[in-house]
Amino acid sequence: MNQHHNKHHLDQQPQKKQIAIALQGGGSHGAFSWGILERILERDIFDIKGFSGTSAGAMNSLMATYGLMKGGNKGAIEYLEKFWWRVSKAATLSPMQPTFLDHLISGGDMHFSPGFHWFNMFTNVFSPYDFNPLDINPLRDVLVDLIDFEELKKSEVKLYVCATNVKKCKPKIFKLDEMSPEALLASACLPYYYKAVEINGEHYWDGGYMGNPPIYPLIDGTEVSDILLLKVNPIEINHVPKTVAEIQDRINDISFNNSLMAEMRMVYFKDRILNIGYDIKGKLRKIHFHAVRAENKLDHLSLSSKFNATWKFLNELRELGHKAADEWIRENYENVGHRSTLDLRKVFN
């Protein structure tokens, strides 16, 4: 009865609900978020007012924002697929990428990346300033070919991309008027693989260290009351890591969730202040939070799989994203605009 009511309500919804979407980074696991976004866009039940993202989340956000501008939801779906196809092709052909070795070894039919292990050993000895002096990054050509960054700056959908200032230990949030290929490369700059990206005299690494993803730009920069968080790095796991690979996986999870945990604790604190009747002279407003999370979806994948960009593997993650989005919409759509479906106290406090 309830499922029938939900389906009828979705089909008959006269006005789309406004949301903003924040996307975590996580290498190839960003294809999971690609699948989520694709399904949300296909259902056409939300009016998306803004994106914030880091690393792979920044790439997804960029493609969705530009695609919406060029051709609505259909355009966003097309640009997302173009991007991931180009990423897979570039990673498979470039000797600078772990997937190049994966392709030689197995044709990509795996849930891990043996090429990652070789690169991991190699980068423990040599820095990108040694082995990649020309700073070759296949993503640069992909971004330049797909996106007109001057046109992008006219977008009505807000876009925020996070990078880490190397020398100042601060997050840098790039807004639409600052958007460039370098800003996106900075957000995805893994320091063991690429030189720090220089922009206006400052040097940047992957944004995951300081904001993964940034939440406050969507609160301060849009007027939406609902923010959907797409997470690819699990917060909770069911066992204590014991092998070297498991320990590395968990350290990666903790490192790339740390900034989000801190930011969401502050959000929870401000939410409690609002609940007792203080809005600090109108500076605080009620935000409903929602999340599609990787827990129980990507648990079977190791850290090395974040470097496996073979097309078959990316599409497996995409399908998992479709299923996760369908599940979230079915269970939570009715609550959007009315209340949070993400328990901030339980998850982040």
Side-chain angles (χ1 to χ4, degrees), residues 23-39 41-42 51 53-71 73-104 107-110 113 115-116 119 132 134-152 155 159 161 174 179-190 193-194 197 206-207 230 232 305-322:
L23 296 93
Q24 268 197 331
S28 295
H29 290 191
F32 175 69
S33 296
W34 165 31
I36 297 169
L37 276 180
E38 186 171 57
R39 182 63 90 234
L41 291 161
E42 288 172 347
F51 291 97
T54 296
S55 197
M59 303 297 172
N60 278 329
S61 298
L62 171 71
M63 295 300 150
T65 301
Y66 191 67
L68 285 169
M69 182 181 180
K70 296 291 286 184
N73 285 20
K74 182 179 179 181
I77 291 169
E78 290 176 353
Y79 270 88
L80 282 162
E81 181 162 12
K82 285 179 183 178
F83 171 76
W84 285 102
W85 166 247
R86 287 288 302 271
V87 165
S88 177
K89 186 176 181 181
T92 302
L93 296 176
S94 172
M96 300 298 297
Q97 301 296 315
T99 296
F100 177 76
L101 292 178
D102 297 338
H103 185 70
L104 293 178
D109 187 17
M110 57 181 57
S113 169
F116 163 78
F119 269 80
N132 190 9
L134 299 179
D135 202 26
I136 297 171
N137 188 334
L139 268 179
R140 180 177 282 106
D141 289 340
V142 175
L143 293 171
V144 170
D145 288 348
L146 292 180
I147 305 296
D148 181 334
F149 281 88
E150 288 305 310
E151 185 179 20
L152 172 71
S155 170
L159 174 62
V161 168
F174 293 97
M179 215 57 66
S180 66
E182 289 72 28
L184 274 297
L185 293 175
S187 183
C189 178
L190 294 173
Y193 287 78
Y194 302 107
V197 177
D206 193 294
L230 306 189
V232 296
S305 68
K306 291 184 176 182
F307 294 84
N308 184 351
T310 53
W311 186 237
K312 179 177 181 180
F313 180 62
L314 294 179
N315 273 281
E316 289 179 8
L317 295 175
R318 178 190 191 181
E319 288 299 322
L320 288 174
H322 288 165

Next on the checklist: Walk me through whether Met179 and Val161 qualify under side chain to side chain contact (heavy atoms under 4.5 Å, CB included).
Outcome noted: CA-CA 8 Å; Met179 215 57 66; Val161 168; 3.8 Å; yes

Nearest 0.5 angstrom please: [X] [atom1] to [Y] [atom2], how far?
X      : Y      : atom1 : atom2 : value
Leu139 : Ser187 : CG    : OG    : 11.0 Å
Leu190 : Tyr194 : CG    : OH    : 7.5 Å
Leu159 : Phe51  : CG    : CZ    : 8.5 Å
Lys89  : Trp85  : NZ    : CH2   : 6.5 Å
Leu80  : Lys82  : CG    : NZ    : 11.0 Å
Leu62  : Phe149 : CG    : CZ    : 5.0 Å

Checklist entry - Is a side-chain N or O of Ser61 found less than 3.5 angstrom from the main chain of Gly57, in a donor-acceptor match? => result yes

[X] to [Y] - nearest heavy-atom pair and separation:
X      : Y     : result
Asp206 : Ser55 : OD2-OG, 3.1 Å
Leu41  : Asn73 : O-ND2, 3.0 Å
Val232 : Phe32 : CG1-CD2, 4.0 Å
Leu23  : Ser33 : CD2-CB, 4.1 Å
Ala56  : Trp84 : CB-CH2, 4.5 Å
Leu37  : Ala64 : CD1-CB, 4.4 Å

Checklist entry - Would you say Met59 and Met63 make side-chain contact, with heavy atoms under 4.5 Å? => result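 Sidechains of Met63 and Met59: no contact.
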
Next on the checklist: Does the plane of the ring in Tyr66 sit parallel, tilted or perpendicular to the ring in Tyr79? Use 30° and 60° as the thresholds.
Outcome noted: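 Judged by the thresholds at 30° and 60°, the geometry between Tyr66 and Tyr79 is perpendicular.
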
Checklist entry - How would you list, by chain and number, every residue that makes a ring-ring contact (aromatic ring centres under 6.0 Å, His included) with Phe83, sequence neighbours excluded? => result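 Applying ring-ring contact (aromatic ring centres under 6.0 Å, His included) to Phe83 gives none.
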
Checklist entry - Between Asn315 and Arg318, is any side-chain donor less than 3.5 angstrom from a side-chain acceptor? => result yes

Item to check | Any donor-acceptor N or O pair under 3.5 Å, side chains Ser28, Asn308 | outcome: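 Their side chains do not contain a donor-acceptor pair, so the 3.5 Å distance test is not met.
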
Item to check | Steps toward side chain to side chain contact (heavy atoms under 4.5 Å, CB included) verdict (Leu152, Thr65) | outcome: CA-CA 8 Å; Leu152 172 71; Thr65 301; 4.0 Å; yes

Checklist outcome for this item: Result for side-chain contact (heavy atoms from CB on, under 4.5 Å) between Trp34 and one of Ile77, Leu317, Asn60 points to Asn60

Checklist entry - Please walk me through it: do Glu42 and Glu38 pass side chain to side chain contact (heavy atoms under 4.5 Å, CB included)? => result CA-CA 6 Å; Glu42 288 172 347; Glu38 186 171 57; 3.7 Å; yes

Next on the checklist: Between Ser305 and His29, is the side chain to side chain contact (heavy atoms under 4.5 Å, CB included) condition met? List the steps.
Outcome noted: CA-CA 8 Å; Ser305 68; His29 290 191; 2.7 Å; yes

Checklist entry - Under 6.0 Å between ring centres, would you say that holds for Phe313 and Phe307? => result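 No; Phe307 has its ring centre 6.0 Å or more from that of Phe313.
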
Which donor-acceptor pairs under 3.5 Å do side chains of residues 141-148 form with protein atoms, sequence neighbours excluded?
from	atom 1	to	atom 2	distance (Å)
Asp145	OD2	Arg86	NH2	2.9
Asp148	OD1	Glu150	N	3.2
Asp148	OD1	Glu151	N	3.1

